[in-house]
Protein chains: 2
Amino acid sequence: MCENCNYTTILKTAGVDATANRVSVLETIGNNNYPLTAMDIYHVVERTLSINRVTVYRILDLLVAKNILERLSSGGRTAYFGMAPNENHLPHPHFYCTSCGRMDCLNSESVRINTEQLQKTFPGKIENIAIRVDGICTNCLKEKAH
Amino acid sequence: MCENCNYTTILKTAGVDATANRVSVLETIGNNNYPLTAMDIYHVVERTLSINRVTVYRILDLLVAKNILERLSSGGRTAYFGMAPNENHLPHPHFYCTSCGRMDCLNSESVRINTEQLQKTFPGKIENIAIRVDGICTNCLKEKAH
DNA sequence: AATAGTAATGCAATTGTGTTGCATTAGAAT
DNA sequence: ATTCTAATGCAACACAATTGCATTACTATT
Ligand SMILES: [Mn+2]
Ligand SMILES: [Mn+2]
Ligand SMILES: [Zn+2]
Ligand SMILES: [Zn+2]
């Protein structure tokens with residue numbers, strides 16, 4: 001999906017060993033054009049590479065901590081993972097279909113936010129602003145129309 | 001907290017029985033100026049009114065479905081509940097302290113979003129836009145400063 | 001008032017997602 | 001070879017939330 005990313009290099013640059021498991025987890029996410037759950041990722045990776053469920057969770061935690069991946073909340077109880085914003089990937093909001101659980105990336109210009117007011121007046125420390133558009137995806141709309 | 005809300009009336013208008021449990025759950029949320037978790041609510045209600053944990057979850061589900069409450073996601077695995085936006089309560093973003101788990105309501109003007117572009121071009125059905133500001137609250141900042 | 005039907009609730013068990021503790025394995029360094 | 005460390009596996013656990021089924025409270029009908 002992303003021709004600018006060499007996953008092994010990304011891992012090494014972040015100072016972590018580029019083990020086969022880690023490369024495969026990162027590749028799975030990077031090759032997909034929408035964010036995936038830990039279990040999605042696990043099922044993809046285990047097709048080629050004997051790996052434990054727990055290892056997937058640990059790799060995801062590590063790569064989020066290293067700012068390689070971003071953890072997205074669905075509004076449900078399951079986290080989704082996508083590539084973290086960087087030079088090649090602008091931050092962008094996501095769409096979550098409450099009917100089928102599919103998460104999609106939206107264009108970074110689709111929702112403009114102005115946080116000046118907030119930045120000036122908020123007394124705490126702001127670390128991230130998560131914007132999630134919830135609704136029904138076109139696939140689910142079609143199915144409902146039956 | 002809200003002098004414009006009669007909780008029994010709200011329930012009846014929505015077409016559900018205003019049972020003691022339901023009124024108490026709704027009151028607990030309405031009287032609080034920040035969103036609460038199901039267990040927060042349970043602990044408040046059970047001080048006055050023998051109630052089961054499961055009943056709290058069921059009431060919350062019902063009142064969210066009836067658009068009386070809104071379910072807010074924290075990014076963690078626990079949902080928070082607040083009054084749903086209505087004539088008296090404009091929709092607004094929330095602040096979530098990743099250190100202590102406290103959720104706060106922000107002013108509806110603090111984050112301006114422009115969704116024109118999205119509304120025009122998005123092929124699915126948009127039902128809600130959730131904006132959550134994550135960071136560290138002032139209390140936790142103070143504690144860290146020790 | 002008795003009866004029957006429905007809605008609300010309680011309780012135990014279960015689920016889904018994620019985490020922890022500890023043992024084992026794989027690699028790297030000496 | 002030996003030693004050290006990082007990565008992984010596996011079983012048990014934690015926790016919020018859900019489910020199935022029994023019980024209770026309430027309403028309507030007779
Ligand atoms: Mn994305
Ligand atoms: Mn609020
Ligand atoms: Zn869908
Ligand atoms: Zn805090």
Side-chain angles (χ1 to χ4, degrees), chain A residues 7-8 11-12 14-29 35-46 48-66 68-81 96 98 100-101 103, chain B residues 7-8 11-12 14-26 28-29 35-46 48-66 68-81 96 98 100-103:
Chain A
Y7 300 116
T8 302
L11 291 168
K12 283 183 181 161
V16 302
D17 278 5
T19 66
N21 285 338
R22 287 174 182 166
V23 172
S24 179
V25 164
L26 184 52
E27 228 170 42
T28 300
I29 295 169
L36 298 170
T37 69
M39 290 308 279
D40 289 341
I41 296 159
Y42 171 60
H43 290 312
V44 172
V45 173
E46 74 167 348
T48 50
L49 211 70
S50 158
I51 190 175
N52 189 272
R53 198 174 61 89
V54 177
T55 304
V56 172
Y57 282 112
R58 285 200 272 235
I59 290 174
L60 291 171
D61 284 348
L62 176 71
L63 300 192
V64 168
K66 293 289 181 186
I68 296 171
L69 297 180
E70 83 177 325
R71 186 190 311 265
L72 302 166
S73 89
S74 64
R77 299 198 267 126
T78 319
Y80 286 66
F81 297 87
Y96 179 70
T98 52
C100 68
M103 179 88 75
Chain B
Y7 300 116
T8 303
L11 290 169
K12 284 183 180 159
V16 301
D17 279 5
T19 66
N21 284 339
R22 287 173 182 166
V23 173
S24 179
V25 164
L26 184 51
T28 301
I29 295 168
L36 298 170
T37 68
M39 289 309 277
D40 290 340
I41 296 159
Y42 171 60
H43 290 311
V44 171
V45 173
E46 75 167 347
T48 51
L49 210 70
S50 157
I51 190 175
N52 189 273
R53 202 171 56 86
V54 176
T55 304
V56 173
Y57 282 113
R58 285 199 272 235
I59 291 173
L60 292 171
D61 284 348
L62 176 71
L63 301 192
V64 168
K66 294 288 181 186
I68 296 171
L69 297 181
E70 83 178 327
R71 186 192 311 267
L72 302 166
S73 90
S74 63
R77 301 203 259 121
T78 318
Y80 286 66
F81 297 88
Y96 180 69
T98 53
C100 67
R102 164 76 177 253
M103 180 89 75

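Side chains are part of it too, since the values below use all heavy atoms of this structure and drop only hydrogens, waters and symmetry mates. As the structure is a computational prediction, the values presented were derived from the model and not from experiment. Residue numbers start from 1 in every chain, and the chains themselves are labelled A, B, ... in the order their sequence lines are given, proteins ahead of strands.
Nucleotide D:dC15 holds its P atom 16 Å from the OH atom of B:Tyr42, rounded to whole Å. Atom-to-atom, CG of B:Asn52 to P of C:dA13 comes out at 14 Å; the value is rounded to the nearest Å. Counting to the nearest Å, the P atom of D:dA16 and the CG atom of B:Leu60 are 14 Å from each other. Atoms CZ (A:Arg22) and C1' (C:dA26) sit 13 Å apart, rounded to a whole Å. Atom CD of A:Glu46 and atom C1' of D:dT8 are 15 Å apart (whole Å). Between the CZ atom of A:Arg71 and the C1' atom of C:dT19 there is a distance of 12 Å, rounded to whole Å. With rounding to whole Å, A:Leu49 atom CG is found 12 Å from D:dT8 atom C1'. Nucleotide D:dA17 holds its P atom 15 Å from the CD1 atom of B:Ile59, rounded to whole Å.
Using a distance-only test at 3.5 Å, with no hydrogens or angles considered, no donor-acceptor pair links the side chain of B:Arg71 to the main chain of B:Ala79. B:Asn52 contributes a side-chain N or O that, together with a main-chain N or O of B:Val54, makes up a donor-acceptor pair within less than 3.5 Å.
Proximity note for B:Asp17 (side chain, C-beta onward) versus D:dC10, C:dG10, C:dA7: the nearest is C:dA7. With D:dA11, C:dT9, D:dT8 as the choices, the nucleotide that has an atom nearest any side-chain atom of B:Thr55 turns out to be C:dT9. Residue B:Arg77 has its side chain nearest to D:dC15 when only D:dC15, D:dG9, C:dA8 are considered. In this structure, of C:dT17, D:dT8, D:dA17, it is D:dA17 that holds the atom nearest to the side chain of B:Tyr57.
Residue A:Tyr96 forms a side chain to side chain contact (heavy atoms under 4.5 Å, CB included) with just one option from A:Pro35, A:Ser73, A:Ser74, and that option is A:Ser74.
Counting any heavy atom pair closer than 4.0 Å across all strands shown, B:Arg53 reaches a base atom. Among the heavy atoms of the strands lying under 4.0 Å from B:Ser50 are primed sugar atoms or P, OP1, OP2 only; no base atom is included.
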List the steps, then state whether side-chain contact (heavy atoms from CB on, under 4.5 Å) holds for B:Arg53 with B:Met39. CA-CA 8 Å; B:Arg53 202 171 56 86; B:Met39 289 309 277; 3.9 Å; yes
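Along DNA chain C, the nucleotide nearest to A:Thr78 and the one nearest to A:Val54 differ in position, and the one closer to the 5' end is contacted by A:Thr78.
For a distance-only test at 3.5 Å, the side chain of A:Arg58 fails to qualify as a donor-acceptor partner of the base of C:dG18.
A heavy-atom distance below 4.5 Å is not found between the side chains of B:Val25 and B:Asn21.
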